[in-house]
Each structure stands twice: as C-alpha cells, then as structure tokens.
Amino acid sequence: MKKFYQLNCDNIIDYVQDKIEYFNKEAELTCEEIGDGNLNLIFRIRDNINEKSIIVKQALPYLRCVGESWPLNITRNDLESGVLTKQYELTHGMVPKIYYSDGVMHSVIMEDLHNYNILRGELLNLKQFHFFSERITNFLVKTLLYTSDIIMEHKEKKEMVKKFMNPELCEITERLVFTEPYYRAESNNIDSYLVPFMSDYIWNDKELLNEIAKLKLHFMNSSEALIHGDLHTGSIFINNDDIKVIDPEFAFYGPISYDLGVLIANLIMNYESVDGRYNEISLKRNHLTFLSSTIKDIIDLFKEKFFKEAEGIVNDNIFKLASNLLNEFIDNIISNAAGMAGCEMIRRTVGLAHVEDLDSIEDEKIKKMVRMKNILLGKELIMKKNTIKVGQDIINLLGMFTDLDIILKL
Ligand code: SR1
Ligand code: MG
C-alpha cells in the first residue's frame, strides 16, 4: 500500500524518476525548492546537461504562511490537477501541461515555465506587454463562458459544480477577502497608522459593509462558471509573446466577476504604486498609460468576446428567446467585478496577505499615501459598482485621489 510522505530535495529525484519517463534514467538531476507561496511545497528538478526541467508541487496539510494552526486538506492538489487539465483543454495550452498527478502523494508533476517570468515582477520593473489584454481575455472567455450554463448542457454542468467543490480554499477567500479586513480581526496585517484611517473610512461605514456582505454572498452563492479563484498578477507567467496562467488551487464554481475583479485590482495596485517606486516622470507616465489602456481593454474586450462567442452557441431555448439576457448578464459581471476589485484592493492593504507592489515602496510617507489611496479607491469601486459599465468608467476613477496628501494633510 503506497503512502503519503513529504517530498524534499533528498527524496524527490527518486520519486520523479519512478513516476515519469521524462529524464534519462542515468541523468544527473538537481533539485531546488522554489516555493515562496502561501500554501504549497514547490520544487524544480533539472537535468543541466540536457537542459530539461520539470516542476513538482505538493500540498502541505496546513496553510504555509500561518502554520499548523490552520489545517488544510491535502487532497486539494487533486482538484488543482483536474482544473489545470480542464483549462488546458479549453484554452489550448494557456496553463502548464501536467505530466503526472499523484492522488496518494497529493502532488502534481508539471511543465516548467522556465522561459517565462511572473507578471507581477515584470510590471514592478516597468515592463510592458501590449498583447496581454488580448490574451488574458481569451483565457477568461474560454475558461468561464465554456464552463457556464450559457453553453454547457445543464446536467453536465451540475456534475462539474460537484466535482470542483473546494470548501476549504473558498473559506480562506471568504475570510481573508470578504470578512476579516472589515473589522479589527487578529489575522489582519495592518500598520498602526492605518487603524484610525480604517475606522473612519471603512469599519464604521455601515453602507459600505452592507455592499461587501452582498459581494460575499454573491461569491458564495453563484455557481456560474469554473473560476480560477485567485487570478492576481502573481498567478500569471509571461514572456515577450505568450502568457500562461498558473495556480488554480482556489478554483471552484463561482461568480465570473471574481476572476475579472481580482485581475483588475492587481493591475490597479501596480498603477497606484508606480509613483512610490520611480522618480523619472516620462518613465512613469509611459507605464501608467500602458496600465490604464490594459485595464480598459481587459474590460471592453472581455465584454465583446464573451458576447460574440456566447451569441453564436447559446444552448437553451429560453436563453435564445430572451430579448436581452446576454447583455444583462455581462453588465452584471462588470459591475460585480468592480466590487470584487474593491474588496481585493482593501484586503491586500490591511488583510493577512499583502502584495509586493504596495509593500515594496521604500519611502514611508509615500507608502502611507499610496495605501490610503488604494483603500479609498477600493471603497469607491465597491460603492459605485453599479455605474461601472465599460473600461473607461474604471479609468475615470483612477485619478480621484490624486491630491490625497493635501486633503489628508499628510
Ligand atoms: C493565506 S493564503 C493568502 C492568499 O494567498 C493566495 O494567493 C490567496 O490570494 C489567499 O487569499
Ligand atoms: Mg497562488
């Protein structure tokens, strides 16, 4: 009877050679632990002579960034392999290829994207990718529309809802994105100067809390499509002509707006942080122009592609007879995506898990201002979500708190 054991650099080479026929049996392989994420062990196994490598990802039985006090079921990696397989098929390879999925070791052996870099890091270095909005909207439409009731046979879709139930990882999002940042919870990672600010602008704003609660219920109760569930800029690999989306461990049947909202939020946070990390005006301006057109295009291209593809193949008689169903469905996605983006921005500033874009700003005074601006912008997106219809509506909000330092006398 085969048993689970934790992989490490001493035992993993034998494990890999036993499971896949990828490397020559005599090859001299090296192992490097490269995981710095919040949840898993990740290793790169390489044959330096033949320049071949693979990645092994193994689930830990607890939340890595919190410790054993937050236990997690290790079977979550099995779900992730299932999602990657589905997304690979739907997108013709926009996610890493799986070589082996191990239901005993709860590990996945997959393609190493060694000639790609993480998008977040590239954006932090002011790199621009003008094809990104086109590609990521293809990924969104293929993975979301084609797993939804708009196109799928309804019983088959319900089987998928069952197959991709992911209660533990959903609970992390429900707590860390939609609950704990909105009161003084112990899990929050908040600098003391933000405590009175949060009290004034967030924690005591009952109307805002009501909107956030509604977004949480929407997240929990809308089995619209097989969503990625954590589509931030650290979940996307990129090079000069291609992207790959990784890490769908938070995937489940949820609201389409969540993927779109998280992505937009992370691009906005990069936008907000540019001022704090660079001085040269033309360099900054150029990057901000690229980011704002990317954000705008993602919304507009998503709407256009989702509608066009759905219109041709919608699968349900009443859906076909309805006069405006698709337009209304897409409009709701865009409004809710704005709200989801607002929650992601607030939680990445004061919640348990932050983003490098904001935290790496060295000048403390500028960091304080950027964080406050980010929180207020997040709030605007939530409160004005019903007015967000097209990409430009989000861009119009980006300039709102330009003079925050003057307003708040920082
Ligand atoms: C405790 S896990 C923290 C965050 O990391 C993941 O990437 C998700 O965004 C999660 O909320
Ligand atoms: Mg991740």
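Side chains are part of it too, since the values below use all heavy atoms of this structure and drop only hydrogens, waters and symmetry mates. Position 1 is the first residue of the sequence; numbering continues from there.
- In this structure, the ring of Phe219 has its center less than 6.0 angstrom from the ring center of Phe252.
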> Under the side-chain hydrogen bond (donor to acceptor under 3.5 Å, both in side chains) criterion, do Asn166 and Glu249 qualify, and how do the steps go?
Replying inline: CA-CA 9 Å; Asn166 196 359; Glu249 58 208 330; over 6 Å; no
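- For Phe164 against Gly82, the heavy-atom pair with the smallest separation is CE2-C, 3.8 Å.
- Between the side chain of Asp300 and the backbone N or O of Asp297 there is no donor-acceptor pair closer than 3.5 Å.
- Taking the centre and axis of the six-membered ring of Tyr201, the NZ or CZ atom of Lys379 falls outside the cone set by 45° and 6.0 Å.
- Remark: Lys97 is positioned above the aromatic ring of Tyr88, its terminal NZ or CZ atom under 6.0 angstrom from the ring centre and at most 45 degrees off the axis.
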>> Checking Asn239 against Asp242 for the side-chain hydrogen bond (donor to acceptor under 3.5 Å, both in side chains) test, could you report, in this order, the C-alpha distance in whole Å, the side-chain angles of both residues, the deciding distance, and whether it holds?
In response: CA-CA 6 Å; Asn239 61 25; Asp242 195 20; 5.6 Å; no
> Hey, mind stepping through Asn188 and Arg347 against side-chain hydrogen bond (donor to acceptor under 3.5 Å, both in side chains) and telling me if it holds?
Replying inline: CA-CA 9 Å; Asn188 288 336; Arg347 75 99 170 203; over 6 Å; no
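- A donor-acceptor contact closer than 3.5 angstrom links the side chains of Glu309 and Tyr146.
- Between the side chains of Thr179 and Arg175, not a single donor N or O lies within less than 3.5 Å of an accepting N or O.
- A cation-pi arrangement is not found for Arg64 relative to Trp70, the charged atom failing to lie both closer than 6.0 Å to the ring centre and inside a 45° cone about the ring normal.
- Residue Ile268 comes nearest to Met345 through the heavy atom pair CG2-CE, 3.6 Å, listed as atom of the first residue, atom of the second, then distance.
- Judged purely by distance below 3.5 Å, without hydrogens or angles, the side chains of Ser148 and Glu224 never pair a donor atom with an acceptor atom.
- Using modelled atom types, one finds a donor on one side chain and an acceptor on the other under 3.5 Å when comparing Asn266 with Arg120.
- No hydrogens or angles considered: nothing links the side chains of Glu328 and Asn332 as a donor-acceptor pair under 3.5 Å.
- The minimum heavy-atom distance between Met110 and Leu84, with the atom names listed, is SD-CD1, 4.3 Å.
- Residues Asp149 and His154 have side chains that bring a donor and an acceptor to within less than 3.5 angstrom of each other.
- Between Ile246 and Gly234, the closest heavy-atom pair is CD1-O, 4.0 Å.
- Asn279 CG: 12 or fewer foreign heavy atoms inside a 6.0 Å radius.
- Smallest separation of non-hydrogen atoms from Cys9 and Glu33: SG-N, 4.2 Å.
- With respect to the salt-bridge test (charged N to carboxylate O, under 4.0 angstrom), the residues Asp316 and Lys320 do not qualify.
- Close placement of the His130 and Phe290 rings is indicated, their centers lying within 6.0 Å of each other.
- When all heavy atoms of Phe131 and Asn240 are compared, the closest pair comes out as CE2-O, 3.1 Å.
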>> As a quick check of understanding, evaluate side-chain contact (heavy atoms from CB on, under 4.5 Å) for Ile136 and Ile243, giving each step before the final call.
In response: CA-CA 8 Å; Ile136 198 67; Ile243 68 165; 3.8 Å; yes
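- In summary, the side chains of Ser107 and Lys57 do not present any donor paired with an acceptor at a separation below 3.5 Å, with no hydrogens or angles considered.
- Remark: the Thr349 side chain and the Asn374 side chain contain an N/O donor-acceptor pair separated by less than 3.5 Å.
- By the 4.0 Å N-to-carboxylate-O rule, Glu89 lies close enough to Lys86 to be salt-bridged with it.
- A donor and an acceptor atom, one from each side chain of Glu280 and Ser282, are located under 3.5 Å apart.
- By the neighbour-count criterion of 12 heavy atoms within 6.0 Å, atom CD1 of Ile281 is sparsely surrounded, having that number or fewer from other residues, nucleotides or ligands.
- Between Lys385 and Ser335, the side chains place no donor N or O within less than 3.5 Å of an acceptor N or O (distance only, hydrogens not considered).
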